[in-house]
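Computed over heavy atoms, backbone and side chain alike; hydrogens, waters and symmetry mates excluded.
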Amino acid sequence: IRVQSHTNPATGSTSVANFSVDNTPPTILGAVTKDMDGNGKVDRAEVTFSEPVRDSSFSAGKFSIEGVPATSLDSGSENDNYFELNFSTQIPGTGVKNLVYTPGAGADLAVPGNLLAGVTVTAEDQAGPVFLSAKTKTTTTIEAIFSEDLDGNTVNDSGNEFTVSGHTVSGADETSPGIVTLTLLTTMETDETPDVTFDPGDSVFEDLAGNQAVSPTTRTAPDGTAPVLTDVSIESDNDLNTEFAKVDDTIILIFTTSE
């Protein structure tokens, strides 16, 4: 490199040195999602870049999950290769999510700065499954609904991670993604709404990413059991024989319901 005087071009100095020009844009190496308040919804994403980036050049709203934009950005150490995105509108479910970046002014530390291109990244799931709700299905079964698909092998067949008020749980099985069907040793009334408590204690109870479930949690199971009809009979107001009916006769259905 030769540096010359503007007023006297004949003078100047020459320096021999290695130099480079940074024209490589940053990329996202990875992201993780978390549920910081344990309510079964994602509220934070942590992003790692391929190089240090200028935090002030990024807008949180350019990042989104399932169409929900981030609302704030925490840089931690300024202008390093990592920051955290917070979502005040939380995203339901704690399973695997995609983090989407819409192109903006976000750039690395070069001058004027190489821009981060728009990209969709599958984030690592670091949010544990949460017991969200329960519902009676029959007089001897209850569904426990979690915030994501579980590793069914970690659901104890004995059902000892669950208790149901007034009844004894005799079995548990993940019958659909994130839905554990509990079998009761005792019979419920058809209109019963028992409390269901999930507490695995020291037992492993995980999602497909190996995150331990949030516990303990108690939910009240609303009535999802159909009523049972008994002592059903049918007759008519026929004057001659109530077992028969003719035009203009009234048919009467008599029954007893369980609720």
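Of the possible donor and acceptor atoms, one in the side chain of Arg54 sits under 3.5 Å from a partner among the backbone N and O of Leu109. No side-chain donor-acceptor contact under 3.5 Å links Asn81 to the backbone of Ser50. No donor-acceptor distance shorter than 3.5 angstrom exists from the side chain of Thr168 to the backbone of Leu185, with no hydrogens or angles considered. Between the Thr250 side chain and the Asp237 main chain, no donor and acceptor come within less than 3.5 Å of each other. With hydrogens and angles ignored, the 3.5 Å screen pairs no side-chain donor or acceptor of Glu174 with any backbone N or O of Asn153. Counting only distance, with no hydrogens or angles, the side chain of Asp74 and the backbone of Gly76 share no donor-acceptor pair below 3.5 Å. Proximity of a side-chain donor or acceptor of Asp43 to a complementary backbone N or O of Gln90 within less than 3.5 Å is not detected.
The heavy-atom pair separating Leu184 from Val169 by the smallest distance is CD2-CG2, 4.0 Å. Here the closest non-hydrogen pair linking Asn114 and Ala110 is ND2-CB, 3.8 Å. Minimum heavy-atom separation, Thr186 to Gly166: OG1-O, 4.3 Å. When all heavy atoms of Glu192 and Ser165 are compared, the pair lying nearest together is OE2-O, 4.4 Å. Scanning both residues, Ser75 and Phe83, for their nearest heavy atoms gives CA-CB, 3.9 Å. Nearest approach of Gly67 to Pro69, heavy atoms of both residues: O-CD, 3.4 Å.
Other residues, nucleotides and ligands contribute more than 12 heavy atoms inside 6.0 Å of the CD atom of Glu143. Crowding of Lys97 atom NZ: a count of heavy atoms from other residues, nucleotides or ligands under 6.0 Å exceeding 12.
Below 30°, between 30° and 60°, or above 60°: for Phe205 and Phe162 the angle between ring planes is above 60°, a perpendicular geometry.
Side-chain N/O atoms of Ser158 and Asn156 include a donor and acceptor closer than 3.5 Å. Looking only at atom types and distance, the side chain of Thr141 has no donor-acceptor partner in the side chain of Thr181 under 3.5 Å away. One side chain, Asn86 or Ser72, offers a donor N or O that lies under 3.5 Å from an acceptor on the other.
Cluster partners of Ile179 are Ile145, counting Ile, Leu, Val, Met, Phe, Trp and Tyr whose side-chain heavy atoms approach within less than 4.5 Å, directly or via other members. Taking Ile, Leu, Val, Met, Phe, Trp and Tyr as members and joining any whose side-chain heavy atoms lie under 4.5 Å apart, directly or through other members, Leu29 forms no hydrophobic cluster with any other residue. By the 4.5 Å side-chain criterion applied to Ile, Leu, Val, Met, Phe, Trp and Tyr, Val32 is assigned to no cluster and stands alone.
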Inset, instruction - Mind running side-chain contact (heavy atoms from CB on, under 4.5 Å) on Val53 and Leu116 for me, showing each step along the way? - result: CA-CA 9 Å; Val53 295; Leu116 175 66; over 6 Å; no
Inset, instruction - Report the C-alpha distance between Phe49 and Thr27 in whole Å, list the side-chain angles of each, state the deciding distance to 0.1 Å, and finish with yes or no for side-chain contact (heavy atoms from CB on, under 4.5 Å). - result: CA-CA 6 Å; Phe49 297 91; Thr27 59; over 6 Å; no
Legend entry - Derivation and outcome, side-chain contact (heavy atoms from CB on, under 4.5 Å), residues Met188 and Ile142: CA-CA 10 Å; Met188 297 182 291; Ile142 296 174; 3.9 Å; yes
Inset, instruction - Mind running side-chain contact (heavy atoms from CB on, under 4.5 Å) on Asp37 and Asp35 for me, showing each step along the way? - result: CA-CA 6 Å; Asp37 56 10; Asp35 174 14; 2.9 Å; yes
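Placement of Val68 and Leu73 within a single hydrophobic cluster is found when ILVMFWY residues are connected by side-chain heavy-atom separations under 4.5 Å, directly or transitively. By the criterion of side-chain heavy atoms lying less than 4.5 angstrom apart, applied directly or through intervening Ile, Leu, Val, Met, Phe, Trp or Tyr residues, Val119 is grouped together with Leu85 in one hydrophobic cluster.
Taking the side chain to side chain contact (heavy atoms under 4.5 Å, CB included) definition, one finds that Ser88 meets it with Thr71, sequence neighbours left out. With sequence neighbours excluded, the residues that form a ring-ring contact (aromatic ring centres under 6.0 Å, His included) with Phe131 are Phe146. Partners of Tyr101 according to the ring-ring contact (aromatic ring centres under 6.0 Å, His included) rule, which considers only residues two or more places apart in sequence or in another chain, are Phe63.
For the side chain to side chain contact (heavy atoms under 4.5 Å, CB included) with Asp207, the qualifying choice from Asp125, Asp151, Asp149 is Asp125, the only one to do so.
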